[in-house]
Amino acid sequence: MPTITLPDGTTRSFKNDTTPFEIASDISEGLAQCAVGARIDGVLCDLSTPISNDAEVKLVTARKGEKESDPDALELIRHSCAHVMAEAIQRIRPAVKLVYGPALDSGFYYDISFEGSEPLSSEEFEAIEKEMASIIDEDRPFTRYELSTGDGMKKLQDEGSKYKIDNAERAIEAGSDSLTWYVTGEPNSNWEDLCRGPHVPSTGKIGAFKLQSIASSYWHGDADSDSLTRVYGVAFVHKKQLKKHLKLQEESKLRDHRVLGKKLRLFHIDEQVGQGLLLWTPNGAVVRQQLQNFIGEELQKQNYSQVFTPHIGKLDLYRTSGHYPYYQESQYPPLIDPEQLSKLASEGCTCGDLSNLMKQGDIEGYLLKPMNCPHHIRIYASSPHSYRDLPVRLAEFGTVYRWEQSGEIGGMTRVRGFTQDDAHLFCTEEQVAGELIGCLDLVKIIFKTLGMHDYKVRVGLRDADSDKYVGDPEKWDKAEDACRKAAETLGVPWVEEAGEAAFYGPKIDFIVNDVLGRPWQLGTVQVDYNLPERFDLTYIGPDGKEHRPVMIHRAPFGSMERFIGVLIEHFAGAFPTWLAPEQVRVLAISEKSNDYADTVLDALRARGIRATADQCDERIQAKIRNAADLKIPWLLVVGPRDAEKNNVSVRKRGILQDLGAVSMDTFIGALTGEISSRGESKALEICFPDSEFSIDT
RNA sequence: GCCACCGUAGCUCAGUGGUAGAGCGCAUCCUUGGUAAGGAUGAGGUCACGGGUUCAAAUCCCGUCGGCGGCUCCA
């Protein structure tokens with residue numbers, strides 16, 4: 001006699017065992033129609049799951065008319081759609097073996113082994129989608145049946161798919177005492193798949209779907225294991241949602257920093273220069289320079305010392321730091337003295353010999369620096385330090401080089417040479433907590449100034465069970481606590497993750513998603529006990545004895561390349577005036593106003609504003625459109641009327657109309673204020689105080 | 001690094017065995033105009049690179065380089 005409690009607190013009693021479907025029917029016919037599953041005591045289940053005890057039940061519904069569907073409904077639909085897709089693929093390609101097909105936040109995929117048969121091509125999508133549509137049209141029920149682990153394993157052994165056997169073994173290992181199958185239709189006559197579920201009641205509930213892409217994956221995520229084909233798709237309650245989703249995806253592509261980087265000429269990656277080596281073209285260089293100036297000013301406020309160091313260092317430096325040969329595979333190969341190299345060659349030295357000689361330190365070479373810290377450490381060590389001097393804060397926009405895997409490189413977010421807005425803080429044990437807070441202040445200022453509010457904060461702690469961490473556990477506890485406290489000062493949610501610490505200390509990372517939803521680590525603040533030890537760094541304490549300083553590595557942007565890549569997408573290329581490569585464009589109404597356009601241009605440039613004048617032989621409409629395409633924040637239309645009164649007619653990016661005329665001096669004064677305050681002061685409000693405009697970039 | 005797909009004008013792309021194409025951009029000329037594309041003409045290509053098949057290759061095959069989407073990795 002189960003009593004069911006619904007989300008609104010009302011209860012319903014049933015004489016016998018019941019199911020979510022019965023509960024829905026009991027409430028209304030309409031609800032039963034659109035129910036696709038239920039949460040029973042918080043667990044997502046089939047609509048047909050038997051309920052024999054008292055429970056809290058929340059029905060999951062999918063209504064065709066609704067704008068946004070319940071994420072639970074989408075998960076059920078997507079997981080079910082993965083089954084439908086797998087059946088369709090097996091109809092067309094019977095020899096393939098299914099591996100694993102889950103729902104994702106953004107869709108679903110199915111990993112399939114095409115071993116021994118022709119690889120799948122996206123050209124086959126149309127045929128697969130046709131099969132899928134017909135399975136959905138048939139509106140076949142998803143029928144669940146259960147076997148004991150013994151019978152289930154026997155069935156799987158007979159069928160002979162090692163992947164499904166493996167899935168079952170994993171389920172049993174995880175504590176499952178039975179195995180379940182879902183048949184798309186009637187047992188013994190329709191297609192079925194070993195699956196934990198849950199699913200929608202029938203294929204007809206899948207309102208709209210589309211196959212999206214083919215990728216590869218590894219079995220168990222292991223690069224040495226079988227290579228699988230992963231087919232991605234999306235599914236929704238209704239076609240309208242699918243359409244909206246696809247439109248959003250199209251729009252995302254236009255925000256992609258690789259697309260905008262080309263269109264706005266922000267950067268260039270040249271085949272002839274090398275994969276993952278970024279060329280900053282003049283427009284992108286402006287953005288980077290402005291950001292560097294910005295952070296440079298903040299560093300000065302926080303009493304950092306600027307340093308410069310070379311791009312290479314002796315191998316021995318990196319033997320001491322531990323980077324070489326330990327992280328050899330992610331470094332460019334060492335550079336060797338040419339005379340020494342030719343001598344070795346004449347002696348018949350092989351590449352393997354050479355590598356060993358370098359590892360052992362028998363011959364010396366130079367490394368393109370993979371990190372800035374060793375150089376900064378040698379600066380610290382170049383003079384004695386008293387506790388009175390600490391903290392020492394050494395900052396540098398330092399360019400580092402790493403041999404990233406070729407398949408991983410792309411755009412600005414993953415490159416082989418990048419510039420960190422790096423600094424190393426050398427301080428006493430007691431100063432760590434305060435310094436961490438200072439570092440996070442900087443991060444806060446940066447994100448606030450740039451209007452980036454959508455970031456995640458992760459505090460990486462050590463994994464208590466691992467012995468890979470160096471340093472005294474007591475110090476670790478203290479440092480981890482300092483990281484937590486510092487993270488708290490941010491005033492945004494943060495998560496702790498055990499095992500995410502570097503081997504040398506805990507850290508705080510800042511993670512931002514790109515326009516395709518991929519997460520990227522930007523800024524990082526890391527406590528380090530290891531390097532001061534390895535380099536035997538000291539300071540003289542109040543007791544007159546030598547003490548070991550603690551080091552903090554920090555880079556609030558992370559790297560200029562990755563940060564600006566994400567920033568381009570954040571602004572969709574429409575940079576605020578202080579960052580915009582071209583801040584103002586003067587548009588002459590006709591050739592007759594060219595001289596006045598020059599006058600305005602000279603006045604803008606005299607105040608340090610980045611401006612150009614469009615004096616080409618086009619009509620004003622075309623000039624406005626061209627400038628708008630380049631996302632230039634301010635357009636000044638100048639014609640005879642303006643020249644007469646020393647006015648400019650203003651257009652602001654995002655406002656689809658002429659704002660009217662204002663005196664040239666007023667405009668320039670207001671704009672320089674906006675630029676120097678990095679957007680704090682608004683030129684628009686100063687020039688046109690009485691107007692209300694809606695900005696729509 | 002692995003798997004799939006892709007590489008044609010500065011950009012976006014069409015062309016799938018038989019004379020290299022379009023739009024935008026660029027140049028020149030006409031037009032001299034008041035707020036999101038005025039008109040005409042023209043230049044621009046070793047079809048990524050190297051090899052092979054073929055009477056004939058942008059097109060088919062192999063390799064290399066590069067891009068893209070995943071996977072794996074990211075001190």
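In the text below, chain A, chain B and the rest are named by the order of the sequence lines, each starting its count at 1. Everything quoted here is computed from the prediction, not taken from an experiment.
- Between the C1' atoms of B/rU59 and B/rG69, the separation comes to 25 Å (whole Å).
- With sequence neighbours excluded, the residues satisfying salt bridge (Lys or Arg N to Asp or Glu O under 4.0 Å) with A/Lys253 are A/Glu250.
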Would you give a per-nucleotide map of nucleotides 61-71 of chain B, 5' to 3', where B means the base has a protein non-hydrogen atom under 4.0 Å away, S means only the sugar-phosphate does, and - means neither?
----SSSSBBB
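- Nucleotide B/rC5 has B/rG67 as its partner under the Watson-Crick or G-U criteria, with both atom distances under 3.5 Å.
- At the heavy-atom level, A/Lys623 lies nowhere under 4.0 Å from the strands shown.
- Taking the ring pair (Phe, Tyr, Trp, His ring centres under 6.0 Å) definition, one finds that A/Phe557 meets it with A/Phe563, sequence neighbours left out.
- Taking only distance into account, the side chain of A/Arg625 meets the base of B/rA37 through a donor-acceptor pair shorter than 3.5 Å.
- Among the heavy atoms of the strands lying under 4.0 Å from A/Ser227 are primed sugar atoms or P, OP1, OP2 only; no base atom is included.
- When both pairing distances are held under 3.5 Å, B/rC11 makes a Watson-Crick or G-U pair with B/rG23.
- Nucleotides B/rG44 and B/rG25 are separated by 11 Å at their C1' atoms, to the nearest Å.
- Using N1 to N3 plus N6-O4 or O6-N4 for Watson-Crick, or N1-O2 and O6-N3 for G-U wobble, each under 3.5 Å, B/rC60 pairs with B/rG52.
- Checked by atom type and distance alone, the side chain of A/Gln526 never pairs as donor or acceptor with a backbone atom of A/Gly505 at under 3.5 Å.
- Residues passing the side-chain hydrogen bond (donor to acceptor under 3.5 Å, both in side chains) test with A/Glu404 are A/Arg414, sequence neighbours excluded.
- Judged by closest nucleotide on RNA chain B, A/Ala628 is the one of A/Ala628 and A/Pro370 placed further toward the 5' end.
- A/Lys210 is linked by a side chain to side chain contact (heavy atoms under 4.5 Å, CB included) to A/Glu129, A/Val234, A/Leu242, A/Leu246, counting only residues two or more places apart in sequence or in another chain.
- Here A/Asp226 pairs with A/Lys162, A/Tyr163 under the side-chain hydrogen bond (donor to acceptor under 3.5 Å, both in side chains) rule; sequence neighbours left out.
- In this structure, A/Ser252 has no side-chain hydrogen bond (donor to acceptor under 3.5 Å, both in side chains) partners at least two apart in sequence or on a different chain.
- Cation-pi geometry between A/Arg416 and A/Trp403 is met: the NZ or CZ atom falls under 6.0 Å from the ring centre, inside 45° of the normal.
- A/Lys314 has no carboxylate O lying under 4.0 Å from a charged side-chain N of A/Asp316, or vice versa, which leaves the two without a salt bridge.
- For B/rU41 and B/rG23, the P atoms lie 11 Å apart once the distance is rounded to whole Å.
- Between B/rU53 and B/rA14, the two P atoms lie 31 Å apart (nearest whole Å).
- Atom C1' of B/rA43 sits at a distance of 36 Å from the matching atom of B/rG52, rounded to the whole Å.
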Can you check each nucleotide of nucleotides 22-34 of chain B against protein heavy atoms at under 4.0 Å and return B for base, S for sugar-phosphate only, - for none, in 5' to 3' order?
--------BBBBB
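- Residues A/Val650 and A/Tyr401 both approach RNA chain B. Their nearest nucleotides, taken by heavy-atom distance, put A/Val650 toward the 5′ side.
- With both ends at atom P, the span from B/rC49 to B/rA57 equals 15 Å, rounded to whole Å.
- Using C1' as the reference atom, B/rC60 and B/rG18 are 15 Å apart when rounded to the nearest Å.
- Comparing the C1' positions of B/rA36 and B/rC68 gives an interatomic distance of 33 Å, to the nearest angstrom.
- Looking at residues two or more places apart in sequence or on another chain, you find a side chain to side chain contact (heavy atoms under 4.5 Å, CB included) between A/Ala627 and A/Arg585, A/Ile632, A/Leu635.
- The base-pairing partner of B/rC29, taking Watson-Crick or G-U wobble contacts with both distances under 3.5 Å, is B/rG39.
- Within 3.5 Å, no donor on the side chain of A/Arg402 pairs with an acceptor on the base of B/rC73, nor the reverse.
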